[in-house]
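Only one structure is covered here, and it is reproduced in the block below.
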Number of protein chains: 2
Amino acid sequence: MSTPRIRQPSMRDVARASGVSYQTVSRVINDQERVHPETRARVLAAVDALGYHPNSAARALVTGRGSTVAVVASNTSLYGYARTLEGIEDAAFAAGYTVNITVLRSPDQSDRADAVERLLSQPLAGLIAFTHDDLARSAVEDVPSRMPAVTVFGTGAGGRAHILLDEEGGARAAIRHLLDLGHRTIHHAGVPPLLPSGRLLGWRATLEEAGVPRPEPIPVTWEPRSGYEVGSAIARQHDITAVFAGNDDIATGIVRALIDSGRDVPGDVSVIGFDDTPLAAYTRPSLTTVSQDFVELGRRAFDLLHGLIEQDDQPAGPTVLPTHLVTRESTGPPRR
Amino acid sequence: MSTPRIRQPSMRDVARASGVSYQTVSRVINDQERVHPETRARVLAAVDALGYHPNSAARALVTGRGSTVAVVASNTSLYGYARTLEGIEDAAFAAGYTVNITVLRSPDQSDRADAVERLLSQPLAGLIAFTHDDLARSAVEDVPSRMPAVTVFGTGAGGRAHILLDEEGGARAAIRHLLDLGHRTIHHAGVPPLLPSGRLLGWRATLEEAGVPRPEPIPVTWEPRSGYEVGSAIARQHDITAVFAGNDDIATGIVRALIDSGRDVPGDVSVIGFDDTPLAAYTRPSLTTVSQDFVELGRRAFDLLHGLIEQDDQPAGPTVLPTHLVTRESTGPPRR
DNA sequence: ATCGGCGATGTGAGCGTTCACATCGAGTGT
DNA sequence: ACACTCGATGTGAACGCTCACATCGCCGAT
């Protein structure tokens, strides 16, 4: 009449059921050599019969390393980040890892410390941080260097392995496209902080190389609403003929505001986006934008981390994934 | 000259540094009573000095339960799911839990078993499954009932605590809106499987109650491209004056196709979406759609799970969160 | 003075695994 | 027939923590 302990079966239970020692069970579970095929079969049968699952907490405890990779980001629902996360999860799952997410919402120092604290108390194999803004960037600095880590987006942080999309190249292609169409200069509606952004860099450098005036960037947030507000302001400045937006949502907001203000796109103003979201081809006008493969980025980021975890092979420099311009309806020659 | 073991400091190290036993350290860490304030301060100082983090694997091993909640979904990057995930993460973080994601990509039986296997080998506190399709639904069935679990979206599964958005109510409001405008019937472009979907149910029931013809639903996928294809077909059938789309992306694709085919929206055909994505207000025409608070859904789903974990209070019935119709430009009276 | 009681702290055991090493039996070369 | 190797399996310890229980002072009540 003892209490019926609801307990997952352990290696010992499997060992007892198959008449071997727990060590042999361990060998079978971990696919090691030196186990008689017959014994292996017997153990496997017992595993199946008892519904045994290895306990990863116990394993992590003794090995000192888990099979979970943590993803640290300030946002996970914007299209690009969500897709990148998807890529990470995909590759991680295939490699037998599990994915944990931590969203850094507040720039508050103690909140961040708390998040990092909690991160490190788990048995992690490694960490991937979205370093497009300062939140994740400074969190990475707090992570002990012994923990394998990869930074994605932006400029990276803490000298970690870094992978990013060629936003600068994409921006250059976008600006060149507009210049080739005959625009005298191109305005940029970007999300601060603007400095480390490849988009800003590509925009500025290309204008500079072309020797055309470089207007001040217009600060926005990631929401279409913010794009709409900027677009309304731009509509009043008739000297602006081309706008390079920080992403497709902003671009869509700008387009809508311009048209609501009676201006034509691309007749009066050309607008170019960034990301090539699934909707970009179906808005009116459809958006000329820069296409990026976020899922691939996520997969590659995991692969990089995986290499770091397994063989500690630190890559020499940052990995840069290509982007490409997709020309659609929202850009055209300026009205003369 | 011993090997310099890179090892996180443990409770024992903290105990040694502050001159108490490891048990006292444990009490301090877990905020228990019965510790002298002075001792507590001394321990805390040592914790800080050594940079001690509790090892959650060890804790999970002995308590038999982790502080991680797993989210099981077939997709995490579509707007609604990404936002729901965000809400879960937010609430979980606030409550001291960590979030793990598992994407069920393939309907393959053994893949699913593999995923559940891996899920259960972790030290979980509970599980949240997005049961809008069969993938997560059948995974929930494989989870032992002792594991606290909450199902989100759709019809739920396994008799678990269930929370969902009032899609049916939203669909009803949408259809009524169109009927009120004078449409004779409303077509539905939905994503199969159609049966358990509240959108389909609300659409069908409202048409039925109005005593108007109920056309066959038109199958689509979640992509705008699929909407475009359906829209092109609809453009040829001039008797169709109103379409209720499965989500805003599909609606946008349909709108674009209709206009590309020379038909006017809403002049010739009214189109209504679902979700109220940030972009819905800025497309042309802006979309009449059903607004849903996904973030809140995620938060509430976690709260539900949290209740299950802490006090095992199983709610009586499903929780239904309100949705509401947002009227914009894509709907209007039919041309007579 | 003696004792129960209670607040503060310590001790032993065990959670389920892996690692390092020990053992054991059957072949192999001489 | 001998030590000798090697493949197969077993044993003890440890990972860092929490649980249950033991201990130790010190208080006021008798």
Side-chain angles (χ1 to χ4, degrees), chain A residues 2-3 5-44 46-47 50-68 118 120-125, chain B residues 2-3 5-44 46-47 50-68 118 120-125:
Chain A
S2 68
T3 327
R5 275 224 251 157
I6 42 165
R7 214 194 78 221
Q8 292 275 97
S10 79
M11 274 196 169
R12 259 166 177 100
D13 300 318
V14 176
R16 207 170 305 125
S18 50
V20 297
S21 74
Y22 53 84
Q23 182 57 261
T24 300
V25 177
S26 170
R27 280 191 266 259
V28 171
I29 296 300
N30 295 338
D31 258 332
Q32 293 188 3
E33 304 299 314
R34 316 277 106 129
V35 177
H36 198 88
E38 205 173 287
T39 312
R40 178 184 304 271
R42 202 144 32 89
V43 169
L44 254 22
V47 163
L50 298 176
Y52 165 79
H53 307 282
N55 180 322
S56 66
R59 179 177 298 176
L61 181 58
V62 55
T63 61
R65 202 166 63 190
S67 58
T68 295
R118 201 169 319 160
L120 296 177
S121 76
Q122 300 173 254
L124 290 185
Chain B
S2 69
T3 326
R5 274 224 252 157
I6 42 165
R7 214 195 77 221
Q8 293 276 97
S10 78
M11 274 196 168
R12 255 160 182 108
D13 300 319
V14 176
R16 207 171 304 128
S18 48
V20 297
S21 75
Y22 54 83
Q23 181 58 263
T24 302
V25 177
S26 170
R27 279 191 267 259
V28 171
I29 297 300
N30 295 339
D31 258 331
Q32 294 189 3
E33 304 300 314
R34 314 279 105 129
V35 177
H36 197 89
E38 205 173 286
T39 312
R40 179 185 303 272
R42 201 143 34 88
V43 169
L44 254 22
V47 163
L50 297 176
Y52 167 79
H53 307 281
N55 180 321
S56 66
R59 179 178 299 178
L61 182 57
V62 54
T63 60
R65 202 164 64 190
S67 59
T68 295
R118 202 171 317 161
L120 296 177
S121 77
Q122 299 173 254
L124 290 185

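Letters go in sequence order (proteins before strands), and every chain restarts at 1.
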- Note on the structure: On DNA chain D, more 5' by nearest nucleotide between A:Arg12 and A:Arg40 is A:Arg40
Tabulate protein N/O versus nucleotide N/O from nucleotides 10-12 of chain C, keeping only pairs under 3.5 Å, one per line.
from, atom 1, to, atom 2, distance (Å)
C:dG10, OP2, B:Ser21, N, 2.7
C:dG10, OP2, B:Ser21, OG, 3.0
C:dG10, OP2, B:Thr24, OG1, 2.9
C:dG10, N7, B:Arg27, NH2, 2.9
C:dT11, O4, B:Gln23, NE2, 3.1
C:dG12, N7, B:Tyr22, OH, 2.9
C:dG12, O6, B:Tyr22, OH, 3.4

- Which pair of heavy atoms, one from A:Ala60 and one from B:Ala57, lies closest together, and at what distance? CB-CB, 4.3 Å
- Task: Take atom OH of A:Tyr52 and atom C1' of C:dC15, then tell me their distance rounded to the nearest Å.
- Result: 13 Å
- Rounded distance (nearest 0.5 Å) linking atom CZ of A:Arg16 with atom OH of A:Tyr22: 12.5 Å
- Message: Measuring from atom CG of A:Leu44 to atom OG1 of A:Thr39, what distance do you get when rounded to the nearest 0.5 angstrom?
- Response: 11.5 Å
- Item | Rounded distance (Å) that lies between atom P of D:dC15 and atom CZ of B:Arg59 | 19 Å
- Please report, rounded to the nearest Å, how far the P atom of D:dA14 is from the CD atom of B:Gln8. 21 Å
- Message: Assess the residue pair A:Val20 and A:Arg42 against the criterion (side chain to side chain contact (heavy atoms under 4.5 Å, CB included)); give the C-alpha distance rounded to whole Å, side-chain angles, the decisive distance to 0.1 Å, and a yes or no.
- Response: CA-CA 9 Å; A:Val20 297; A:Arg42 202 144 32 89; 4.2 Å; yes
- Message: Using OP1 and OP2 only, check whether a side-chain N or O of B:Thr63 sits under 4.0 Å from D:dT18.
- Response: no
- Task: Using whole Å, report how far CD of A:Glu38 lies from P of D:dA8.
- Result: 12 Å
- side chain to side chain contact (heavy atoms under 4.5 Å, CB included) against A:Leu50, all qualifying residues, sequence neighbours excluded: A:Pro9, A:Asp13, A:Val14, A:Ala17
- Whole angstrom value for the distance that separates C1' of D:dC6 from NE2 of A:His36: 15 Å
- Message: Return the CZ to CG distance between B:Arg59 and B:Asn30, rounded to the nearest 0.5 Å.
- Response: 5.0 Å
- Message: Between P on C:dT17 and CG on A:Asp13, what's the gap in Å once rounded to a whole number?
- Response: 9 Å
- From the list B:Met11, B:Gln23, B:Arg40, side-chain contact (heavy atoms from CB on, under 4.5 Å) partner of B:Val28 resolves to B:Arg40
- When all nucleic acid strands are considered with a 4.0 Å heavy-atom cut-off, which category describes A:Thr39: base, sugar-phosphate, or nothing? sugar-phosphate
- Of D:dT18, C:dT17, D:dC17, the nucleotide closest to the side chain of A:Asn55 is C:dT17
- Quickly work out the A:Met11 CE to D:dC15 P distance and round it to whole Å. 19 Å
- Message: Five pairs per end, C1' atoms only: what is the angle between the end axes of the helix from C:dA1-D:dT30 to C:dT28-D:dA3, to 10 degrees?
- Response: 60°
- Message: Nearest 0.5 Å, please: how far is NE2 in A:His53 from CD1 in A:Ile29?
- Response: 11.0 Å
- Message: Counting only side-chain nitrogens and oxygens, does B:Asn30 get under 4.0 Å of the OP1 or OP2 atom of D:dT18?
- Response: yes
- Query: In whole Å, what is the span from the CZ atom of A:Arg65 to the P atom of C:dT18?
  - Reply: 14 Å
- Query: For B:Val35 and B:Leu61, take the nucleotide of DNA chain C holding the closest heavy atom to each; which residue's nucleotide lies nearer the 5' end?
  - Reply: B:Val35
- Rounding to 0.5 Å, atoms OG (A:Ser56) and CD (B:Gln122) come to a distance of 5.5 Å
